[in-house]
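From a predicted model like this one, the values you see are computed outputs, not experimental measurements.
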Amino acid sequence: MCKECGCGLGGGDVKIGGHSHEHTHDHGHAHGHDHHHEHGHSHGGKTLSLNLSLMEKNNRLAERNRGFFRAKKLLVLNVVSSPGSGKTTFIRETAAKLAGKLRVGVIVGDLATDNDAARLRTAGIPVVQITTGTVCHLDADMVAKAAAQLDLDKLDVLVIENVGNLVCPADYDLGEDLRVVLLSVTEGEDKPLKYPPMFHSAHVAVVTKSDMAAAAGFNRELALQNLERVSHHARIFELSAKTGDGMKAWLDFLAEKRAA
């Protein structure tokens with residue numbers, strides 16, 4: 001996946017809020033420039049074993065984020081899905097319905113534009129935009145820098161809206177408590193089978209746009225079977241953020257997790 005293919009390299013600056021950051025993307029390129037050029041002209045191959053996780057830096061920063069967020073008593077969600085699944089509406093309606101109960105802040109990741117951030121601000125919540133350029137996911141360092149622009153002491157729940165992509169974000173721990181994957185009824189029942197790493201890594205799977213199920217010809221039973229097959233350990237919710245149907249169970253779940 002992303003750590004093997006090197007996608008996103010050479011993407012230039014990553015913009016976080018009002019600031020740009022040169023994104024030095026590891027992607028496993030450990031270039032070991034020790035320059036031990038043994039000029040004995042022995043041209044037989046030489047194997048160098050690094051024994052170093054390609055994701056070590058990100059994982060270390062993610063654990064730092066997790067400890068910091070827990071010290072702030074935050075419930076942190078990493079919301080992932082393909083483009084068009086309804087992430088932004090889902091997050092906005094979640095925040096709006098939690099108003100007066102839990103205080104929500106959002107970090108939004110997109111390759112370009114701050115359209116989603118603007119939509120989320122209509123719910124009256126603090127939002128920080130991360131514009132990634134050509135980088136196809138958020139990483140722990142980006143999240144740390146974005147979180148620094150929020151007053152975390154005034155939040156109970158921090159939602160990270162990841163870049164719309166069901167491949168590369170699966171590799172990147174951001175320091176979240178829960179990874180939440182969305183599957184809209186318009187995407188097809190076999191999405192969990194097509195993208196098993198993402199769906200298997202999720203703690204929660206949410207079937208969205210349930211109000212459109214009939215029009216889309218959605219086979220609910222087959223979709224749930226596929227989710228159970230790949231995301232058998234995940235908590236599953238079915239809802240429509242637009243109509244509010246099914247949202248109460250999701251909101252109650254968040255309240256329980258935050259209390260815990």
Participant: In this structure, is the centre-to-centre distance between the rings of His203 and His233 below 6.0 Å?
Facilitator: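 No; His203 has its ring centre 6.0 Å or more from that of His233.
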Participant: Answer yes or no: does atom CE of Met247 have more than 12 heavy-atom neighbours from other residues, nucleotides or ligands under 6.0 Å?
Facilitator: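 Correct, the count exceeds 12.
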Participant: What closest approach, in Å, do Ala234 and Ala202 show between heavy atoms, and which atom pair accounts for it?
Facilitator: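 Smallest interatomic distance, heavy atoms only, reads CB-O, 3.7 Å.
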Participant: Taking the side chain as every heavy atom from C-beta outward, state whether Leu254 and Leu77 have any pair of such atoms under 4.5 Å apart.
Facilitator: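 A side-chain contact exists here, since the closest heavy-atom pair is under 4.5 Å.
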Participant: Report yes or no: does Asn165 contribute a side-chain atom to a donor-acceptor pair with the main-chain N or O of Cys136 at less than 3.5 Å?
Facilitator: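 Checking the backbone N and O of Cys136 against the side chain of Asn165, a donor-acceptor pair under 3.5 Å is found.
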Participant: Distance check, rounded to the nearest 0.5 Å: Phe68 atom CZ versus Leu152 atom CG?
Facilitator: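 So the CZ of Phe68 and the CG of Leu152 are separated by 5.5 Å.
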Participant: Any idea which heavy atoms bring Ala216 and Val185 closest together, and the distance?
Facilitator: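 Heavy atoms of Ala216 and Val185 come nearest at CB-O, 3.9 Å.
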Participant: Answer yes or no: is there a side-chain heavy-atom contact under 4.5 Å between Pro126 and Leu155?
Facilitator: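 Yes, at least one pair of side-chain atoms sits under 4.5 Å.
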Participant: Are any side-chain N or O atoms of Thr89 and backbone N or O atoms of Gly86, one a donor and one an acceptor, separated by less than 3.5 Å?
Facilitator: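 Here the side-chain-to-backbone pair does not exist.
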Participant: Treating Ile, Leu, Val, Met, Phe, Trp and Tyr as nodes and any side-chain heavy-atom pair under 4.5 angstrom as an edge, say whether Leu150 and Val106 lie in one connected cluster.
Facilitator: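 No: no chain of side-chain contacts under 4.5 Å links Leu150 to Val106.
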Participant: Could you go through the side chain to side chain contact (heavy atoms under 4.5 Å, CB included) check for Thr186 and Met212 one step at a time?
Facilitator: CA-CA 8 Å; Thr186 58; Met212 299 177 64; 3.9 Å; yes
Participant: As an exercise, state the distance from OG1 of Thr208 to NZ of Lys242, rounded to the nearest 0.5 Å.
Facilitator: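 Output value for this atom pair is 13.0 Å.
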Participant: With rounding to the nearest 0.5 angstrom, report the CZ to CG distance, Phe237 to Asp252.
Facilitator: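 Going from the CZ atom of Phe237 to the CG atom of Asp252 covers 9.0 Å.
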Participant: For the residue pair Gln129 and Ala117, what are the closest heavy atoms and their distance?
Facilitator: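 Answer, listing the atom of Gln129 first, then Ala117: OE1-CB, 3.2 Å.
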Participant: Would Ile107 and Val159 satisfy side chain to side chain contact (heavy atoms under 4.5 Å, CB included), going step by step from the backbone distance to the final call?
Facilitator: CA-CA 6 Å; Ile107 294 171; Val159 181; over 6 Å; no
Participant: Does the side chain of Glu161 come under 3.5 Å of the side chain of Thr88 through a donor N or O and an acceptor N or O?
Facilitator: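 Result is yes, a qualifying pair exists.
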Participant: Can you find a pair of side-chain heavy atoms, one from Ser82 and one from Lys191, that are under 4.5 Å apart?
Facilitator: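 Of all side-chain heavy-atom pairs linking Lys191 with Ser82, at least one is under 4.5 Å.
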Participant: Would you check if Phe69 and Leu158 make a side-chain contact, meaning some heavy-atom pair closer than 4.5 Å?
Facilitator: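 Yes, their side chains come closer than 4.5 Å.
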Participant: Show the numbers, then the answer: is there a side chain to side chain contact (heavy atoms under 4.5 Å, CB included) between Thr132 and Leu138?
Facilitator: CA-CA 8 Å; Thr132 65; Leu138 298 181; 3.9 Å; yes
Participant: Examine Val180 and Ile125 and state if one hydrophobic cluster contains both, with Ile, Leu, Val, Met, Phe, Trp and Tyr joined whenever side-chain heavy atoms are less than 4.5 Å apart.
Facilitator: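 Hydrophobic grouping puts Val180 with Ile125.
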Participant: Is a side-chain N or O of Gln149 found less than 3.5 angstrom from the main chain of Ile16, in a donor-acceptor match?
Facilitator: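 Yes; at least one donor-acceptor contact below 3.5 Å.
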Participant: So does Val127 get a backbone contact from the side chain of Arg121, meaning a donor-acceptor N/O pair under 3.5 Å?
Facilitator: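 Side chain of Arg121 to backbone of Val127: a pair is present.
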Participant: Are Asp173 and Arg66 close enough for a salt bridge, meaning some N to O gap below 4.0 Å?
Facilitator: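 Yes, this pair counts.
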Participant: Does the Ser201 side chain pair with the main chain of Ala170, one donor and one acceptor, at a distance under 3.5 Å?
Facilitator: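 Looks like no, no N/O pair under 3.5 Å.
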Participant: Closer than 3.5 angstrom, by distance alone: can the side chain of Ser85 be matched with the main-chain N or O of Ser184 as a donor-acceptor pair?
Facilitator: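 No, Ser85 side chain to Ser184 backbone: no donor-acceptor pair under 3.5 Å.
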Participant: Report yes if some heavy atom in the side chain of Leu224 is under 4.5 Å from a heavy atom in the side chain of Glu221; otherwise report no.
Facilitator: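 Not in contact.
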Participant: Do Val207 and Leu227 touch side chain to side chain, with heavy atoms closer than 4.5 Å?
Facilitator: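 Val207 reaches Leu227 side chain to side chain.
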Participant: Ignoring hydrogens and geometry, is there a side-chain-to-backbone donor-acceptor pair from Asp139 to Asp141 under 3.5 Å?
Facilitator: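 Yes; judged by distance alone, with no hydrogens or angles, the pair exists.
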Participant: Restricting to non-hydrogen atoms, name the atom on Arg235 and the atom on Phe253 that form the minimum distance, rounded to 0.1 Å.
Facilitator: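 In terms of heavy atoms, the two residues are closest at NH1-CD1, 3.4 Å.
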Participant: With the 4.5 Å side-chain cut-off for hydrophobic clustering, are Ile160 and Val204 part of the same group?
Facilitator: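 No: no chain of side-chain contacts under 4.5 Å links Ile160 to Val204.
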Participant: Between Asp116 and Asp110, what is the shortest heavy-atom contact and its length?
Facilitator: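 What the structure gives for the nearest pair is OD2-OD2, 3.2 Å.
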Participant: Are the side chain of Arg92 and the backbone N or O of Thr122 linked by a donor-acceptor pair below 3.5 Å?
Facilitator: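 Between the backbone of Thr122 and the side chain of Arg92 there is no qualifying donor-acceptor contact (under 3.5 Å).
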Participant: Out of curiosity, does Phe90 fall in the hydrophobic cluster containing Val157 (side-chain heavy atoms, cut-off under 4.5 Å, transitive links)?
Facilitator: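 They do share one cluster, since a chain of ILVMFWY contacts under 4.5 Å joins Val157 to Phe90.
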Participant: Cut-off 3.5 Å, side chains only: do Ser81 and Lys87 have a donor facing an acceptor?
Facilitator: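 Indeed, the side chains of Ser81 and Lys87 share at least one donor-acceptor pair under 3.5 Å.
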Participant: Do Glu238 and Arg220 sit within salt-bridge range, that is, some charged N less than 4.0 Å from a carboxylate O?
Facilitator: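 Arg220 and Glu238: salt-bridged.
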Participant: Using side chain to side chain contact (heavy atoms under 4.5 Å, CB included), reason through Asp153 and Lys72 one step at a time and then give a plain yes or no.
Facilitator: CA-CA 6 Å; Asp153 292 321; Lys72 294 289 185 180; 3.0 Å; yes
Participant: Will you find, in the side chains of Asn162 and Asn78, an N or O donor that is under 3.5 Å from an N or O acceptor?
Facilitator: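 Present: a donor and an acceptor within the cut-off.
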Participant: So among Val80, Asn226, Val230, Leu193, which one has a side chain to side chain contact (heavy atoms under 4.5 Å, CB included) with Phe199?
Facilitator: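 When side chain to side chain contact (heavy atoms under 4.5 Å, CB included) is applied between Phe199 and each of Val80, Asn226, Val230, Leu193, only Val230 qualifies.
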Participant: So how far is it from Leu75 CG to Glu256 CD, rounded to the nearest 0.5 Å?
Facilitator: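 So the gap between those two atoms works out to 11.5 Å.
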Participant: Contact between Glu228 and Ile236 at the side-chain level, heavy atoms closer than 4.5 Å - yes or no?
Facilitator: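 SC-SC contact between Glu228 and Ile236 confirmed.
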Participant: Would you find a donor on one side and an acceptor on the other, under 3.5 Å apart, between the side chain of Glu176 and the backbone of Leu174?
Facilitator: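 Checking the backbone N and O of Leu174 against the side chain of Glu176, a donor-acceptor pair under 3.5 Å is found.
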Participant: Identify the two heavy atoms, one from His137 and one from Cys168, that lie closest to each other, and give their separation to 0.1 Å.
Facilitator: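 So the two residues come closest at ND1-CB, 3.8 Å.
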Participant: Tell me whether Lys257 is salt-bridged to Asp177, with the criterion being a basic N under 4.0 Å from an acidic carboxylate O.
Facilitator: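 Salt bridge: no.
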Participant: Run the side chain to side chain donor-acceptor pair (under 3.5 Å) check on Ser240 and Asp245 step by step: do they pass?
Facilitator: CA-CA 5 Å; Ser240 167; Asp245 185 45; over 6 Å; no
Participant: Answer yes or no: is there a donor N or O on one side and an acceptor on the other, between the side chain of Asn219 and the main chain of Leu222, under 3.5 Å?
Facilitator: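 Side chain of Asn219 to backbone of Leu222, a donor-acceptor pair under 3.5 Å: yes, one is there.
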Participant: Between CE of Met142 and CG of Leu61, what distance do you get to the nearest 0.5 Å?
Facilitator: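 The CG atom of Leu61 is 11.5 Å from CE of Met142, to the nearest 0.5 Å.
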Participant: Would you say Val104 and Thr94 make side-chain contact, with heavy atoms under 4.5 Å?
Facilitator: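 Answer no - side chains too far apart.
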Participant: Can Val79 be reached from Trp250 by stepping across I, L, V, M, F, W or Y side chains whose heavy atoms are under 4.5 Å apart?
Facilitator: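 As far as the 4.5 Å side-chain criterion goes, Val79 and Trp250 are connected within one cluster.
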Participant: Working to the nearest 0.5 Å, report the span between CG of Leu183 and OH of Tyr195.
Facilitator: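 One gets 12.0 Å once the value is rounded to the nearest 0.5 Å.
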